[in-house]
2 protein chains.
Amino acid sequence: MNFSGKIGSLGEKWGNAVAHHVGEDIRSLRKTRAMTLAQLAGAAGRSVGWLSQVERGRTTPSVRDLEQLADLLGVNISFFFRSSRRAPEEQGLVLRAADRPTIGSDESGLVEELLSPTLSGSFEMIRSVFAPGASSGDPRKARPTEDGGVLISGALTMWIGGTEVHLYPGDSFQFAGAPYAWRNDGSEPAVVIWVVSPPIY
Amino acid sequence: MNFSGKIGSLGEKWGNAVAHHVGEDIRSLRKTRAMTLAQLAGAAGRSVGWLSQVERGRTTPSVRDLEQLADLLGVNISFFFRSSRRAPEEQGLVLRAADRPTIGSDESGLVEELLSPTLSGSFEMIRSVFAPGASSGDPRKARPTEDGGVLISGALTMWIGGTEVHLYPGDSFQFAGAPYAWRNDGSEPAVVIWVVSPPIY
DNA sequence: AAATGAAAAAATCATTAGATTTTTCATTTT
DNA sequence: AAAATGAAAAATCTAATGATTTTTTCATTT
């Protein structure tokens, strides 16, 4: 079957897709951090009205302002430009492997990349790579989220709310609001496609 | 680090974990099909009170009854026993690769396996394999769900709400309530880890 | 022990009012 | 000309209420 609306054809107008997306990103990041317009605007030394307009793409923040906001939201400013080289139709819909931003995770031995092309969904997909020999610290406090995942490769031991399980490729798990910990006893990295709902990043 | 509560040790009491899980499964399946106790009980020729008790594990349905219910809910009766050989602590938390049930998907060229160990979560994880050369029919009507996925291997062309995208390994997508269609123009199966929220199975 | 039927309890749903947050927009500033 | 402000208007969120539906409980029968 043939689909219409093929993207990426030459002569496509690019528009100010980035400027528009930046606003949505800021809004989503602000929401997951439970901040109001007033709080973020205040911290950034700008007015509520201005931030509202920025988030809705009605006005464009200066690079200086964006840098400031990124800082307050705990992301690198480059995060906002992760898909800028892609066609506008694709933005927010697809995230190419090469564009995945590395996120959060101050833990060593764990690299997390965002798979979700949008931050405004009801869940978030993440690719986590657990280094051989690495482990989380103590079980982290339970988050008010539901987590799930599939082990793509390697092996991983997880401790979830009192139960220890050894995961092998293809095994999947899911739990809600339980504390958990992990440990990679294997000799190769463990790759997990992880799902969190609602989004936390 | 060492975790406590290791499972699978010998001498563990097995309990009636299956009977208990069956009830929860029935309830979840019934919910996703938007049926009330009265509707399902009526169709099964049983009382509301009885079904309520079955779903909460207070009473055990006969195999004949369970067969009947499975039929009305559109699943194979074996579905209820998918993790029965596993330790009870693991049930509802982990789903082993070998235990994954094949689900729905009347479409040829598409095999879907359930990854979620529980049906009562806020999202569902599915492993979809799209056969080489296969394609969906017309774009299916949009569901009131949010869908996302990652292409693990192979290549897949998707048409999502008017936009056609070519996906390669590692690419991810996410969309809410849009009609979509797919086509595998490649020569190898395309494997996608798919997420649907809320659960539809 | 399973199954029923009916009463009791609980959960769901639609309103509504109040409070908070966000948007709009006329005006000022850069 | 576009960015930024500040205040009014609109929209969103919360909590409470009552009506309705659904589910649970439980005494009784199969």
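A, B, ... follow the sequence lines: proteins, then strands. Residue 1 opens every chain. Just so we're clear, the structure is a prediction, and the values are computed from it rather than from any experiment.
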Starting from [atom2] on [N], measure out to [atom1] on [X] and report it in whole angstrom.
X     : N      : atom1 : atom2 : answer
B:R30 : D:dT21 : CZ    : P     : 17 Å
A:Q39 : C:dT20 : CD    : P     : 13 Å
A:R46 : C:dT29 : CZ    : P     : 15 Å
A:L37 : D:dA10 : CG    : P     : 18 Å
B:W50 : C:dT4  : CH2   : P     : 8 Å
A:Q53 : C:dT28 : CD    : C1'   : 14 Å
A:E55 : D:dA4  : CD    : C1'   : 16 Å
B:L51 : D:dT22 : CG    : C1'   : 12 Å

So, does [X] get its side chain near the phosphate of [N], meaning an N or O under 4.0 Å from OP1 or OP2?
X     : N      : answer
A:S47 : D:dA4  : no
B:S52 : D:dT23 : no
A:K31 : C:dT22 : yes
A:T36 : C:dT21 : no
A:R58 : C:dT23 : no
A:R27 : C:dT23 : yes

Which of B:F173, B:W159, B:W194 passes ring-ring contact (aromatic ring centres under 6.0 Å, His included) with B:Y180? Answer is B:W194
Against the side chain of A:R56, the closest entry in C:dA2, C:dT22, C:dT24 is C:dT24
Partner of C:dA10 under the Watson-Crick or G-U wobble criteria, both distances under 3.5 Å, comes out as D:dT21
As its Watson-Crick or G-U partner within any shown strand, both distances under 3.5 Å, D:dT28 has C:dA3
Looking only at side-chain N and O atoms, does B:D65 offer a donor or acceptor that is under 3.5 Å from a partner on B:S62?
yes
- Message: Cation-pi check for A:F79 against A:R82: NZ or CZ below 6.0 Å from the six-membered ring centre and within 45 degrees of the axis, yes or no?
- Response: yes
Cation-pi check, A:R183 onto A:F130 ring (under 6.0 Å, within 45° of axis): no
**Prompt:** Can A:R56 and A:E24 be counted as an ion pair, charged N to O under 4.0 angstrom?
**Reply:** no
